[in-house]
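So you know, we letter chains A, B, ... as the sequences are listed, proteins then strands, and number each from 1. Because the structure is predicted, anything quoted here is derived from the model rather than measured.
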2 protein chains.
Amino acid sequence: MKLEQAKQQFVQTWGNFGSQWGINRSMAQVHAFLLVSDHSQCTEDVMESLGISRGNANMNIRELMNWNLIYKESVVGDRREFFRAEKDMWEVAKRIVKERKRRELEPLQHHLAELKKVEQSYESISFVATIENIERLVTRLDGLSNTLMKADEHVFFGKILNMFK
Amino acid sequence: MKLEQAKQQFVQTWGNFGSQWGINRSMAQVHAFLLVSDHSQCTEDVMESLGISRGNANMNIRELMNWNLIYKESVVGDRREFFRAEKDMWEVAKRIVKERKRRELEPLQHHLAELKKVEQSYESISFVATIENIERLVTRLDGLSNTLMKADEHVFFGKILNMFK
DNA sequence: TCAATCTTTCAATATTTATTGAAACTTTTG
DNA sequence: CAAAAGTTTCAATAAATATTGAAAGATTGA
């Protein structure tokens, strides 16, 4: 396979993967495109390479900036904005975890806490028990996220994987 | 809040959470309904409680069975099928991880391995390096999944969280 | 300042994904 | 064995999500 083909293939693969995890397919594709670009790229480059509209390209580039997965760069003598991706994949993983924790795990924890305030009754006992079981799991996943976000890659995986051999 | 209200609220919350992670909202809602049901429930119960059609209820019940998150149960003197959810949330987590690993992580690993076979050139070097970085991360996540699927809850979280304090 | 260039917004539209419901199929029971 | 009761399928439809593109808004530099 030729390099350009492989890059396009990767864009598709990463787009599919993202979309299976609730990430907008185009956003994942833009991310993929920048991950395999050697130089920073402008909006036009993204539009052309992925065959998407300006609005779409712009929106997803902004969103990737919000996730802190890509950076804006200036090219001297050019007023367009250029973008490059963070390529340290451990950093990328940390930032995705950080964002999803904030957007999804934390609101869920808040909701579960609220549900425990249900009016007490004989029948509410098992309901609250179930909610508390879920809460415990979510709290632990949250703790795991915190750990991951602070840890060094080698330490994180090295220790865990050895431990359970 | 009254118990019935709280259960309905939980169904909404769990449905939203699932849908943010690429799980069909109705499937997550059916799961939630069974998680907070004290007794096993039949298709009619699901249809009525969630206000969905027979086809939809049936399909998502089947899918939850495929994921091994709910069980079929017989009630004597009733020919309908009844369903109850696995309530051990650590088991639930393990089974979800197992399924997503199989459906998403493993195909991704396969694709990444293929991409490394790109025709070699000066410019392919950095591309392959990026793919290998992603591959390393995915392989480690895969290892983490394996660890989690085999581990006891207390051991898994206890050791990890203490370690990185 | 203002014209040129680039970026953002958002209502209209297209695409994807989910849902319905009736017909076909299966199982049980008298 | 046939009717009743329950389950599954799937083409049609609805709903949710994503995309477009043109107009409005910024920014730059002469």
Side-chain angles (χ1 to χ4, degrees), chain A residues 11-34 40-67 70-84 100 103-104, chain B residues 11-34 40-67 70-84 100 103-104:
Chain A
V11 165
Q12 295 305 315
T13 296
W14 200 239
N16 282 337
F17 186 68
S19 114
Q20 287 177 309
W21 288 82
I23 300 295
N24 179 296
R25 175 179 250 100
S26 293
M27 174 169 149
Q29 288 183 340
V30 174
H31 188 214
F33 170 65
L34 292 175
S40 61
Q41 307 282 328
C42 69
T43 304
E44 293 279 349
D45 297 330
V46 170
M47 291 166 61
E48 190 190 351
S49 177
L50 305 189
I52 63 178
S53 71
R54 183 174 304 284
N56 195 1
N58 181 265
M59 158 185 289
N60 286 300
I61 286 170
R62 289 309 129 199
E63 194 61 5
L64 285 163
M65 298 267 288
N66 290 342
W67 284 65
I70 66 174
Y71 309 110
K72 197 187 289 193
E73 266 189 358
S74 297
V75 168
V76 286
D78 198 325
R79 35 201 278 203
R80 291 172 297 176
E81 295 180 321
F82 285 76
F83 306 93
R84 78 183 158 80
R100 300 206 74 152
R103 293 172 183 232
E104 295 143 16
Chain B
V11 165
Q12 294 307 314
T13 297
W14 201 239
N16 281 338
F17 186 67
S19 112
Q20 287 177 310
W21 287 83
I23 301 294
N24 179 297
R25 174 179 252 101
S26 294
M27 172 168 151
Q29 288 182 340
V30 173
H31 188 214
F33 170 64
L34 292 175
S40 62
Q41 308 281 330
C42 69
T43 305
E44 292 279 351
D45 297 330
V46 170
M47 289 166 61
E48 190 190 349
S49 178
L50 304 189
I52 62 177
S53 71
R54 185 174 302 283
N56 195 0
N58 181 266
M59 159 185 288
N60 285 300
I61 286 171
R62 290 308 129 198
E63 194 60 7
L64 285 163
M65 297 267 288
N66 289 341
W67 284 65
I70 66 174
Y71 309 110
K72 196 187 291 193
E73 265 187 0
S74 297
V75 167
V76 287
D78 198 324
R79 32 203 281 202
R80 291 172 297 177
E81 295 179 322
F82 285 76
F83 306 94
R84 78 183 157 79
R100 300 207 72 153
R103 293 172 184 233
E104 295 142 17

F83(A) vs R79(B), nearer the 5' end of DNA chain C by closest nucleotide: F83(A)
Straight-line distance of [X] [atom1] to [Y] [atom2], nearest 0.5 Å:
| X | Y | atom1 | atom2 | result |
| --- | --- | --- | --- | --- |
| T43(B) | N60(B) | OG1 | CG | 11.5 Å |
| L50(B) | N56(B) | CG | CG | 8.5 Å |
| I23(B) | R25(B) | CD1 | CZ | 12.5 Å |

Given atom [atom1] of [X] and atom [atom2] of [N], what is their separation to the nearest angstrom?
| X | N | atom1 | atom2 | value |
| --- | --- | --- | --- | --- |
| E44(B) | dG6(D) | CD | P | 8 Å |
| I23(A) | dT17(C) | CD1 | P | 15 Å |
| D78(A) | dT27(D) | CG | P | 17 Å |
| R80(A) | dT8(C) | CZ | P | 14 Å |
| E63(A) | dT9(C) | CD | C1' | 15 Å |
| L50(B) | dT20(C) | CG | C1' | 15 Å |
| N16(A) | dA18(D) | CG | P | 14 Å |
| M47(B) | dA22(C) | CE | C1' | 13 Å |

Any T43(B) side-chain nitrogen or oxygen under 4.0 Å from OP1 or OP2 of dG6(D): no
Toward the 5' end of DNA chain D, by each residue's nearest nucleotide, F82(B) or M27(A): F82(B)
Nucleic acid contacts - residues 52-62 of chain A versus DNA chain C, non-hydrogen atoms under 4.0 Å: R54(A), G55(A), N58(A), R62(A)
Geometric class of the W21(A)/W21(B) ring pair [parallel <30°, tilted 30-60°, perpendicular >60°]: perpendicular
Within-4.5 Å side-chain heavy-atom neighbours: R84(B) and Y71(B): yes
Main-chain N/O of T13(A) paired to N16(A) side chain as donor or acceptor, under 3.5 Å: no
Any donor-acceptor pair under 3.5 Å from N58(B) side chain to G55(B) backbone: no
